[in-house]
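Letters A, B, ... are given to chains in the order of the sequence lines, protein chains preceding strands, and every chain is numbered from 1.
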Amino acid sequence: MMHASASLTYAALDARANQLAGYLRALGVGPEVAVAICLERSFDSVIAALAVWKAGGAYLPLDPAWPAERRESILEDAQASVLIARNLTSSRARYNVDLDHDAGAIAREMSVFTATATRREHLACILYDAAAAGRLAGVELTHGNLLNLIFWYRRAFAITPSDRASHLGLSFDAALTDLWPYLTAGASVAIAEETTGASPDLLRDWIVDRGITAALIPAALAEPMLSQPWPASTALRYLFTGAGALHRDPAGLPFRIVHNYGSIECTGAATSCVVEPRDPAEPPSIGQPIANTSIYVLDENHAPVTPGVEGEIYIGGPSVARGYRNRPDLTAETFFENPFSLAPGARMYRTGDLGCVLPDGKIAVHRRIEYRAPETALQRNVAGILAGLLHLERVGLDDNFFQLGVDSLLAAHLIVRLREGFGVELSPRDLFQASTAATLALRIEQLLIARLDSLSDAEADRLLAQLQ
Amino acid sequence: MARPRRQGGPRYSKSDVREVDIHTRNLDLPSDASILSSDERDRAARFRFDRHRNHYIAARSALRQILAEYLGIAPQSIEFTVNEYGKPQLDGPHFNVSHSAGLAVYAVSRTRQVGIDVERVDPQFAAGQIPEHFFSPVEVASLRALPEHLQLQAFFNCWTRKEAYVKARGLGLSLPLASFDVTLDPGEPARFLRGADGWEIEAFSPAAGYAAAVVASLPSIV
């Protein structure tokens, strides 16, 4: 591995990972144990991830650039018992491994270590989407998930020890493809530096200078970077980027542009295709499924739609994640029994993307389904109360009260019922500002949470149960 | 006191409160939607149920027709604004509207600020715990002290009188309901017992089974 002017050999990587693994094992890290890693992209972060695996656990990357509050929420949500970081001030984890303060103790561990035997079904990593504001959902990926991805990638892009990837950081789901396929193939990894992504020019220069053979480029940088002249001597063979990032003809470039369609829930890539110049009138397809993977376009009953008809895209195969950590409700709505597979216990992942099957059998993605957070019991309750008051069979979560004919007297009745039902000081103003069951339930939840501080543990538990 | 302006036509009366006219309309009768503004039409379209939509159209249409007489302009030309608290107003007479179960009442005055409220006395929407959450302690005590069979009417007396005052003040939700007391005893005239200095109140029944009240500002002393 390389980082700026420093380099790390496989022997050193292995030895340091072994020492940290011994230290982690002594803390109780083993199969199914979640270990959070909050480190800048560096040799240390990769060593830490490898150490966690050697001890049998699963790593959970936290980007130090994320707000502290978010990092703490994730730690809590994931119930991670160990945190590996530097210069820790406080943390919710039971055990904190500070690579600076505990360096001495770690260095005293043996540099040889017998890795814990893990199975395909064991947890390998837990990834939280950095972009998902609010809602926390950690995707649990197993060793089986990663193996399928890694071996496909190595075959598809013919990775040899002379290849070199550019690594952006553990917390990006791109790390699944920019790190592990290379380290398991004896190839090398260059860790991106501070200034690397600052401009398209610098990025191109870095890629060329470092002899990078495959790089993932964020869509925003891809377009301007691709209009730069590229020396024919560049080692770059593949440039990975988002779909639709390209509006110009990629012909004439000394490397191929590849788009991998997928999300963390299917281990980062479900399909892959080389981006070719195409007729803009033709819809873009997402290419071919990766190894052992199937793509389905289904209707609401999970039946395949006929070609040309729009349906929702589902993904099946060993890349489908175990589910969302500690969120059986969310998992149940996103991961389903796969009726099209003969493998026992096979599951499929609902992407939330709408698309269709093209005449040539390829799949085109149209757009996202409008994400609707699942109904909470509280929202149903509020809607039910209103329906009762209005003598309606049911009231939709997004129906505006006033458009349903609620006047000031009915509003007063509604407020009284909600105040008495939930013990919150709801006011007529709240009703004006949150005039649907969905938004009003949110307001009630805020008021309830504000009350939590004043309650005993038992009362708080009861209150929270109401919110589920 | 009803003093019909025209035989068989809309009811109109001079309120006992001086300088305030009260008009009544049946919203289930056909109305002229063509005089509504585009805002009013948009708002009408958003009602889920026909009944509410039709009542809204009829109420706005009647409002325009009533005000047109005072302003001497065509009803569709009237332009409404709202004050900073959302109370509808215009460059002309003061007015306020209320409707319940198909009956609308309008208070109009060239000189006094007004507020009006009507409710059908409906046992389905009777008090419940509304008094404890919305009325003043004095009002709650008076209400609960009454014989059971009088509490339904008393509740609607209190509600309409408090609403009429709140609407007259034009401060919307920022007026605390418990900051003033009204009488509510059926058979007793409407009065402010506390607060509401500078305002007067009158209760009336625009039709059998309805309670209503109108509140107007007292004439300023010149």
Side-chain angles (χ1 to χ4, degrees), chain A residues 379-440 442-444 446-448 450-451, chain B residues 27 42-56 59 85-86 97-104 115-135 140 155-156 158-160 162-167 171-178 210-211:
Chain A
Q379 288 173 333
R380 276 197 295 276
N381 226 296
V382 172
I385 290 171
L386 183 64
L389 277 175
L390 293 171
H391 301 292
L392 295 173
E393 223 175 83
R394 66 174 295 279
V395 162
L397 292 185
D398 299 318
D399 287 348
N400 179 287
F401 301 149
F402 304 106
Q403 289 166 24
L404 287 175
V406 169
D407 59 13
S408 53
L409 182 58
L410 270 173
H413 278 293
L414 181 61
I415 286 170
V416 168
R417 295 233 189 149
L418 294 174
R419 277 188 188 171
E420 308 227 318
F422 296 103
V424 286
E425 267 314 295
L426 211 55
S427 73
R429 169 162 288 127
D430 289 318
L431 227 66
F432 272 83
Q433 290 172 344
S435 36
T436 65
T439 49
L440 193 56
L442 217 65
R443 175 71 186 131
I444 292 172
Q446 285 171 349
L447 291 167
L448 284 171
R451 271 187 59 207
Chain B
L27 300 181
D42 286 345
R43 179 113 191 262
R46 287 200 284 270
F47 280 104
R48 170 67 63 83
F49 299 107
D50 290 343
R51 194 161 153 263
H52 303 129
R53 181 181 318 111
N54 294 339
H55 284 174
Y56 174 79
Y85 296 96
V97 188
S98 173
H99 62 97
S100 170
L103 180 74
I116 195 167
D117 193 62
V118 63
E119 288 290 341
R120 189 165 72 164
V121 178
D122 187 342
Q124 261 181 53
F125 297 113
Q129 292 294 298
I130 286 181
E132 280 73 10
H133 288 265
F134 290 98
F135 295 173
V140 175
F155 168 74
F156 281 100
C158 192
W159 178 270
T160 50
K162 292 185 84 70
E163 276 284 295
Y165 176 58
V166 167
K167 293 174 74 183
L171 299 173
L173 301 169
S174 48
L175 181 67
L177 280 175
Y210 288 80

Evaluate A:I415 against B:H133 for side chain to side chain contact (heavy atoms under 4.5 Å, CB included), listing each step before the verdict. CA-CA 9 Å; A:I415 286 170; B:H133 288 265; 5.9 Å; no
Quick one: are the ring centres of A:F402 and A:F432 less than 6.0 Å apart? yes
Where on B:F134 is there a heavy atom nearer than 4.5 Å to chain A: the side chain, the backbone, both, or neither? side chain
At a heavy-atom separation under 4.5 Å, does B:A126 approach chain A through its side chain, its backbone, both, or neither? backbone
Say whether, by atom type as modelled, one donor and one acceptor occur between the side chain of B:K162 and the main chain of B:F135 under 3.5 angstrom. no
Criterion side chain to side chain contact (heavy atoms under 4.5 Å, CB included) on A:L426 and A:L440, from CA distance to verdict: CA-CA 9 Å; A:L426 211 55; A:L440 193 56; 4.2 Å; yes
What part of A:R419 lies closer than 4.5 angstrom to a heavy atom of chain B: side chain, backbone, both or neither? side chain
Under 4.5 Å from a heavy atom of chain B, the part of A:L390 involved: neither
Could you tell me whether A:R443 sits above the aromatic face of A:F422, with NZ or CZ closer than 6.0 angstrom to the six-membered ring centre and within 45 degrees of the axis? no
Counting only heavy atoms closer than 4.5 Å, note whether B:E163 contacts chain A via side chain, backbone, both or neither. side chain
As an exercise: rank B:F49, B:Y56, B:W159 by heavy-atom pairs under 4.5 Å with chain A and give me the winner. B:W159
